[in-house]
Number of protein chains: 2
Amino acid sequence: MLDLNSILLKLRKNGLRVTPQRCAILEHLIGNKNHPPAEAIYEEVKKRYPMMSLSTVYNTLDALLAIGEIQELLLEDKRIRFDPDPSPHHHFQCLKCGKVKDIFREIDIPRDKIDENRIESWRVYFYGTCSDCL
Amino acid sequence: MLDLNSILLKLRKNGLRVTPQRCAILEHLIGNKNHPPAEAIYEEVKKRYPMMSLSTVYNTLDALLAIGEIQELLLEDKRIRFDPDPSPHHHFQCLKCGKVKDIFREIDIPRDKIDENRIESWRVYFYGTCSDCL
DNA sequence: GTACTTGCAAACAGTTTGCATAGGC
DNA sequence: GCCTATGCAAACTGTTTGCAAGTAC
């Protein structure tokens, strides 16, 4: 998820419409490193666009998932978080403050098969204490 | 989670009581490779112990988590699953049939720090097509 | 104008909680 | 006998759905 215009184009290319609500959510997500859950996106975007509804947030997130512009994270706090960087990378959650960070260090993952199961994707979640809390 | 008696001992050692319900749940979990969610455990155990209630299942799972005899899994189907093997290993979920398998192959994970964050644990989730569905 | 999208409320799934009763130790 | 555990129901959280009205194209 790099710039607004290319995403708007991609939405249109997929028969999805560009609405002010979707633009507001996109503006809030682009470059966002907080890995927010839907509720947090809703609360933030509502400050500037008070007409925003929570189901529109979910609707938009679904659309962005479908066109591969964001990814979902399933962390130990058991709420779905959204990452505006859909590229394969890993995640770390601080067990003290709850913060989620991107981890770009390469991990040697088997890319093909394990025990006769075909691997198509994988996720690595790290837990511990973040640099700020140490 | 190996044999019933050692777990019962561990429960008592931690001030937790041994009840018929807990024994029934333990018997169902020991050696279970299905990574069931709470609801499935409830349905299965109720067949033989019709007095079982869902909150007792959750209560017992909480107790077993607290003494480190099971672990929780957070997979792409977004329901919490339980693994009666608390030792660190990885998991694979088939995107076709939903089956979850244990992966014991070693993955080279940084054991200490990444980007100044102290790593205390990690989870690797693989997704793809399982050997049965291929 | 035709769909797709919105926003509200209501439904839903999974989990947690409150509380009177039962029962392990 | 004390105190934790049970079982029921009700509350709760996060997410999804139904639908009439609005709007991008």
Side-chain angles (χ1 to χ4, degrees), chain A residues 4-5 7-26 35-67 70-82 98 100, chain B residues 4-5 7-26 28 35-67 70 72-82 98 100:
Chain A
L4 188 56
N5 283 333
I7 300 170
L8 298 187
L9 258 168
K10 197 164 176 184
L11 280 172
R12 273 192 270 256
K13 213 181 301 177
N14 286 73
L16 298 163
R17 289 190 179 156
V18 173
T19 64
Q21 291 88 336
R22 289 186 173 168
C23 290
I25 293 169
L26 283 169
H35 308 85
E39 186 77 33
I41 297 170
Y42 170 60
E43 291 301 338
E44 274 310 306
V45 176
K46 202 171 55 170
K47 285 181 188 166
R48 302 204 307 152
Y49 301 81
M51 72 294 289
M52 179 69 60
S53 91
L54 183 55
S55 41
T56 297
V57 172
Y58 278 107
N59 173 337
T60 299
L61 292 169
D62 282 350
L64 294 173
L65 276 170
I67 64 172
I70 61 175
Q71 65 175 302
E72 291 180 322
L73 306 185
L74 301 159
L75 289 142
E76 232 156 62
D77 61 4
K78 293 158 196 172
R79 20 188 356 203
I80 303 172
R81 289 163 173 274
F82 296 88
V100 179
Chain B
L4 188 55
N5 282 333
I7 300 170
L8 299 187
L9 258 167
K10 196 164 177 183
L11 280 172
R12 273 193 271 258
K13 214 179 303 176
N14 286 73
L16 298 163
R17 291 186 178 158
V18 173
T19 65
Q21 290 88 336
R22 289 186 172 171
C23 289
I25 292 168
L26 283 169
H28 181 254
H35 309 84
E39 187 77 32
I41 298 169
Y42 170 61
E43 290 301 338
E44 275 309 305
V45 176
K46 201 171 58 171
K47 285 180 188 167
R48 303 204 306 152
Y49 301 80
M51 73 291 290
M52 180 69 59
S53 91
L54 183 56
S55 41
T56 298
V57 173
Y58 277 107
N59 173 334
T60 299
L61 292 170
D62 281 349
L64 294 173
L65 276 170
I67 64 172
I70 61 175
E72 291 181 323
L73 306 185
L74 300 159
L75 290 142
E76 232 156 65
D77 61 5
K78 294 161 197 170
R79 24 188 352 203
I80 303 171
R81 288 162 174 274
F82 296 89
V100 179

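It should be emphasised that the depicted structure is a prediction, and the values quoted were computed from it without experimental measurement. Throughout, protein chains are lettered first and strands after them, A, B, ... in sequence-line order, and every chain is numbered starting at 1.
Residue A:Leu74 comes nearest to A:Ile80 through the heavy atom pair CD2-CG1, 4.0 Å, listed as atom of the first residue, atom of the second, then distance.
By the salt bridge (charged side-chain N to carboxylate O under 4.0 Å, His left out) test, B:Glu76 pairs with A:Arg123, sequence neighbours left out. Remark: A:Thr19 pairs with no residue by the side chain to side chain donor-acceptor pair (under 3.5 Å) rule, at least two apart or across chains. Residues passing the ring pair (Phe, Tyr, Trp, His ring centres under 6.0 Å) test with B:His28: none are found, sequence neighbours excluded. Scored by the side chain to side chain donor-acceptor pair (under 3.5 Å) test, A:Tyr42 finds A:Lys46 as partners (sequence neighbours excluded). Under the salt bridge (charged side-chain N to carboxylate O under 4.0 Å, His left out) criterion, B:Arg81 pairs with B:Asp77, not counting sequence neighbours. With sequence neighbours left out, the salt bridge (charged side-chain N to carboxylate O under 4.0 Å, His left out) criterion links A:Glu72 to B:Lys78.
Here C:dT5 presents its C1' atom at 14 Å from CG of A:Leu64, a figure rounded to the nearest Å. Taking atom CG of residue A:Asp62 and atom C1' of nucleotide C:dT5, one finds them 13 Å apart after rounding to whole Å. Between the CG atom of A:Asn14 and the P atom of C:dT5 there is a distance of 11 Å, given to the nearest Å. The distance from atom CG of B:Asp77 to atom C1' of C:dA13 is 13 Å, rounded to the nearest whole Å. One can place CG of B:Leu74 at 14 Å from P of C:dG14, the figure rounded to the nearest angstrom. Computed from coordinates, the B:Ile41 CD1 to C:dT15 C1' distance equals 13 Å when rounded to whole Å.
Contacts classified as side chain to side chain donor-acceptor pair (under 3.5 Å) and involving residues 49-58 of chain B (residues at least two apart or in different chains) are given here: B:Ser53-B:Ser55, B:Ser53-B:Thr56. Residue pairs that meet the salt bridge (Lys or Arg N to Asp or Glu O under 4.0 Å) test with at least one member in residues 47-63 of chain A, sequence neighbours left out, are A:Glu27-A:Arg48, A:Glu44-A:Lys47.
Nearer the 5' end of DNA chain D, as judged by each residue's closest nucleotide, is the contact made by B:Tyr42, out of A:Arg79 and B:Tyr42.
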Pairs of donor and acceptor atoms involving the side chains of residues 8-17 of chain A, under 3.5 Å and at least two apart or interchain, shall be tabulated with distances.
| from | atom 1 | to | atom 2 | distance (Å) |
| --- | --- | --- | --- | --- |
| A:Lys10 | NZ | A:Ile67 | O | 3.1 |
| A:Lys10 | NZ | A:Glu69 | OE2 | 3.3 |

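Residue A:Gln21 is in sugar-phosphate contact alone, with no base atom involved, counting any heavy-atom pair closer than 4.0 Å across all strands shown. Across all strands, B:Ile80 comes closer than 4.0 Å only to sugar-phosphate atoms, never to a base (heavy-atom distances).
On the nucleic acid side, DNA chain D contacts chain A at distances under 4.0 Å to non-hydrogen atoms, with the end points of that region at D:dG14 to D:dC25.
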Nucleic acid footprint by protein, nucleotides 18-25 of chain C - heavy-atom cut-off 4.0 Å, B for base, S for sugar-phosphate alone: -----BBS
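Considering only heavy atoms from C-beta on, A:Leu26 comes within 4.5 Å of A:Leu64 through its side chain.
In the helix from C:dG1-D:dC25 to C:dC25-D:dG1, the rotation axis of the first five pairs and that of the last five pairs differ in direction by 40°, rounded to 10 degrees.
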